[in-house]
Amino acid sequence: MAFKKMILSAALTGAATNRTHCPDIPYAPEELGLEAKRAVDAGASIVHIHAREDNGMPSWRTEVFEQITTEVRKHCPDVIINYSTGAIGLSIEDRLKHLPATKPDMAAFNMGSMNYAIFSKRAKQFIWNGVFENSFDDMIKVVNTMNENNICPEMECFDTGHIRNAEPLREMGLLPDNACYSLVMGVMGGIPATPENLIHQIKQVPEGAFWQSIVISRKQWQLSAIAAAMGGNFRVGLEDNFYLPNGDMAKSNGELVDAGVTLARMIGREIATIEEAREMLNIPTKTNV
């Protein structure tokens, strides 16, 4: 059976980890621009980005997102830029204000409320925990903002119920046909990262919809192989997993993307170029931005 080409995403930097965990996590816009180039040169078509202040703290300042856009476009003029809208303890208005200003190609939003935590089995305690609030009213605001600014929605689904939460948005005519399903696994509070759970999640995605796996932790490589073998797509990057398949810590997002390309090709999948990814996802280049 011949598979269509696979779209590879790279999550360049998250919000919960810092350089004490991995010294090569990018913070500043200039660093994110260079990391985007490393990821694109290795084969990524999409770069998913959280903004940070120069000290590594999460940032929601619009000017920081604007600087990131400038730096990424300087090094990767055609790459599909995907900005986060996920945060804990921040109003939905503050989580969205950078989108009209930067008009990225895509933006991620979370498909339900959940406990969100990091638990240390060694210390027998939570290192961090909170409640991630994403009501239907907030999801409607997110999708409306994306539609108004011609932004493709990436729906991050941390559990089976989150996949189903897309149904009323579709019935209301709010989700465009090219909205993407991201099957996020391995977050404490969400669905565990196991092969059985990934296969179950894949079966819940509407037929014909684009989907990708996002696996937190070193289990990423095993489950990414399953995603590729089942005709889907997957994401790598320093937001999700620091480690290469051989156990070494990656020194850049480019190294992780390169490992993802190698894995996909072992499964018999070829990697889509940026141009091909834009055509597959119906995301034309925004010439007016």
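Count residues from 1 along the sequence.
- Residues Ile7 and Met280 are in side-chain contact: their nearest non-hydrogen atoms beyond the backbone lie under 4.5 Å apart.
- Gln212 and Ser182 form a side-chain donor-acceptor contact under 3.5 Å, judged by distance and modelled atom types alone.
- Of the inter-residue distances, the one linking Ser9 atom OG with Ile80 atom CD1 reads 8.0 Å to the nearest 0.5 angstrom.
- In this structure the side chain of Leu169 reaches within 4.5 angstrom of the side chain of Met111, judged on heavy atoms.
- Taking every heavy atom of both residues into account, Leu8 and Gly43 meet most closely at CB-O, 4.1 Å.
- Within 6.0 Å of CZ on Arg164 lie no more than 12 heavy atoms contributed by other residues, nucleotides or ligands.
- Counted by atom type alone, Thr20 and Asn18 present one or more donor-acceptor pairs between their side chains at under 3.5 Å.
- For the atom pair CD1 (Ile151) and OG1 (Thr145), the distance works out to 8.0 Å, reported to the nearest 0.5 Å.
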What verdict does the side-chain contact (heavy atoms from CB on, under 4.5 Å) test give for Glu35 and Ser252, after you've listed the backbone C-alpha separation in whole Å, the side-chain angles of each residue and the deciding distance to 0.1 Å? CA-CA 7 Å; Glu35 279 297 293; Ser252 74; 3.7 Å; yes
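- Salt bridge absent: Arg278 and Glu275 never bring a charged side-chain N and a carboxylate O closer than 4.0 Å.
- Here the closest non-hydrogen pair linking Pro29 and Asp54 is CD-OD1, 4.2 Å.
- By the 4.0 Å N-to-carboxylate-O rule, Arg19 lies close enough to Glu31 to be salt-bridged with it.
- The two residues Cys180 and Met106 come nearest to each other via the heavy atoms SG-CE, 3.7 Å.
- Formation of a donor-acceptor pair under 3.5 Å by the Thr102 side chain with backbone atoms of Thr69 is not found in this model.
- The backbone N or O of Arg269 sits nowhere less than 3.5 Å from a side-chain atom of Arg265 that would complete a donor-acceptor pair.
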Would you sort out whether Val47 and Cys76 count as a side-chain contact (heavy atoms from CB on, under 4.5 Å), showing the intermediate values? CA-CA 10 Å; Val47 288; Cys76 316; over 6 Å; no
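- Residues Tyr243 and Gln220 form no side-chain contact, since every pair of their non-hydrogen atoms from C-beta on lies 4.5 Å or further apart.
- Look at Asp94 and Lys141 and you find no salt bridge, because none of the NZ, NE, NH1 or NH2 atoms lies under 4.0 Å from a carboxylate O.
- Other residues, nucleotides and ligands contribute only 12 or fewer heavy atoms inside 6.0 Å of the CD atom of Glu133.
- Atom CG of Asn246 sits in a crowded spot, with more than 12 heavy atoms from other residues, nucleotides or ligands closer than 6.0 Å.
- Of all heavy-atom pairs between Asp78 and Ile274, the closest is O-CG2, 3.0 Å.
- At a cut-off of 3.5 Å, with distance as the only test, a side-chain donor of Thr160 or Gln201 sits close to an acceptor on the other residue.
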Let's go through Arg235 and Asn82 carefully: what are the C-alpha distance in whole Å and the side-chain angles of both, what is the deciding distance for side chain to side chain donor-acceptor pair (under 3.5 Å) to 0.1 Å, and is it a yes or a no? CA-CA 12 Å; Arg235 188 177 94 176; Asn82 176 342; over 6 Å; no
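- Across Arg61 and Glu53, no two heavy atoms sit closer than the pair NH2-OE1, 2.7 Å.
- Closest of all the heavy-atom pairs between Ala87 and Phe132 is O-CE1, 3.2 Å.
- The same ILVMFWY cluster, assembled from side-chain heavy atoms under 4.5 Å apart, contains both Val236 and Met6.
- The local environment of CD in Glu279 is sparse, with at most 12 non-hydrogen atoms from other residues, nucleotides or ligands closer than 6.0 Å.
- Tyr181 places no side-chain N or O within donor-acceptor distance of the main-chain N or O of Gln204, the cut-off being under 3.5 Å.
- One finds the CD1 atom of Ile46 at 7.5 Å from the CD atom of Glu154 (value rounded to the nearest 0.5 Å).
- Side chain of Lys286 to main chain of Asn150: a donor-acceptor pair is present (N/O by atom type, distance under 3.5 Å, no hydrogens or angles).
- Within the 3.5 Å criterion, the main-chain N or O of Leu281 finds a donor-acceptor partner in the side chain of Asn178.
- Inter-residue side-chain proximity for Phe109 and Asn134 is flagged as unmet; no heavy-atom pair is nearer than 4.5 Å.
- Within the 4.5 Å cutoff, the side chain of Asp177 has no heavy atoms near those of the Asn282 side chain.
- With Val40 as the fixed residue, the side-chain contact (heavy atoms from CB on, under 4.5 Å) test singles out one of Val72, Val79, Asn253: Val79.
- Open room surrounds CE on Met266; 12 or fewer heavy atoms of other groups in view lie less than 6.0 Å from it.
- Residues Met188 and Ile118 have side chains not in contact (no heavy-atom distance under 4.5 Å, counting atoms from C-beta outward).
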side-chain contact (heavy atoms from CB on, under 4.5 Å) between Ile25 and Arg52: does it pass, once the steps are laid out? CA-CA 11 Å; Ile25 293 177; Arg52 298 200 183 210; 4.1 Å; yes
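- Put simply, Ile267 and Phe210 are part of two different groups of oily side chains (I, L, V, M, F, W, Y) that touch within less than 4.5 Å, one to the next.
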Residue pair Leu198, Met230: steps toward the side-chain contact (heavy atoms from CB on, under 4.5 Å) verdict: CA-CA 10 Å; Leu198 176 57; Met230 294 189 70; over 6 Å; no
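- Separating the CG atom in Leu12 from the NE2 atom in His48 is a distance of 9.0 Å, to the nearest 0.5 Å.
- Using a 4.5 Å heavy-atom threshold, the side chains of Asn129 and Asn115 count as separate.
- Side-chain heavy atoms closer than 4.5 Å link hydrophobic residues (I, L, V, M, F, W, Y) into clusters, and following such links, even through other members, never connects Met139 to Ile88.
- The aromatic rings of Phe65 and His98 sit parallel to each other, their planes meeting at less than 30°, with 60° as the upper class boundary.
- One finds the OG1 atom of Thr62 at 10.5 Å from the CG atom of Leu96 (value rounded to the nearest 0.5 Å).
- Atoms OG and CD, from Ser84 and Glu156 in turn, are 7.0 Å apart once rounded to the nearest 0.5 Å.
- Taking 4.0 Å as the cut-off between side-chain N and carboxylate O, Glu71 and Lys74 count as a salt-bridged pair.
- Tyr116 and Val184 fall within the same hydrophobic cluster, where Ile, Leu, Val, Met, Phe, Trp and Tyr residues are linked whenever their side-chain heavy atoms come under 4.5 Å apart, directly or through other members.
- Leu223 places a side-chain heavy atom less than 4.5 Å from the side chain of Pro195.
- No continuous path of ILVMFWY side-chain contacts below 4.5 Å connects Leu263 to Ile226, so the two sit in separate hydrophobic clusters.
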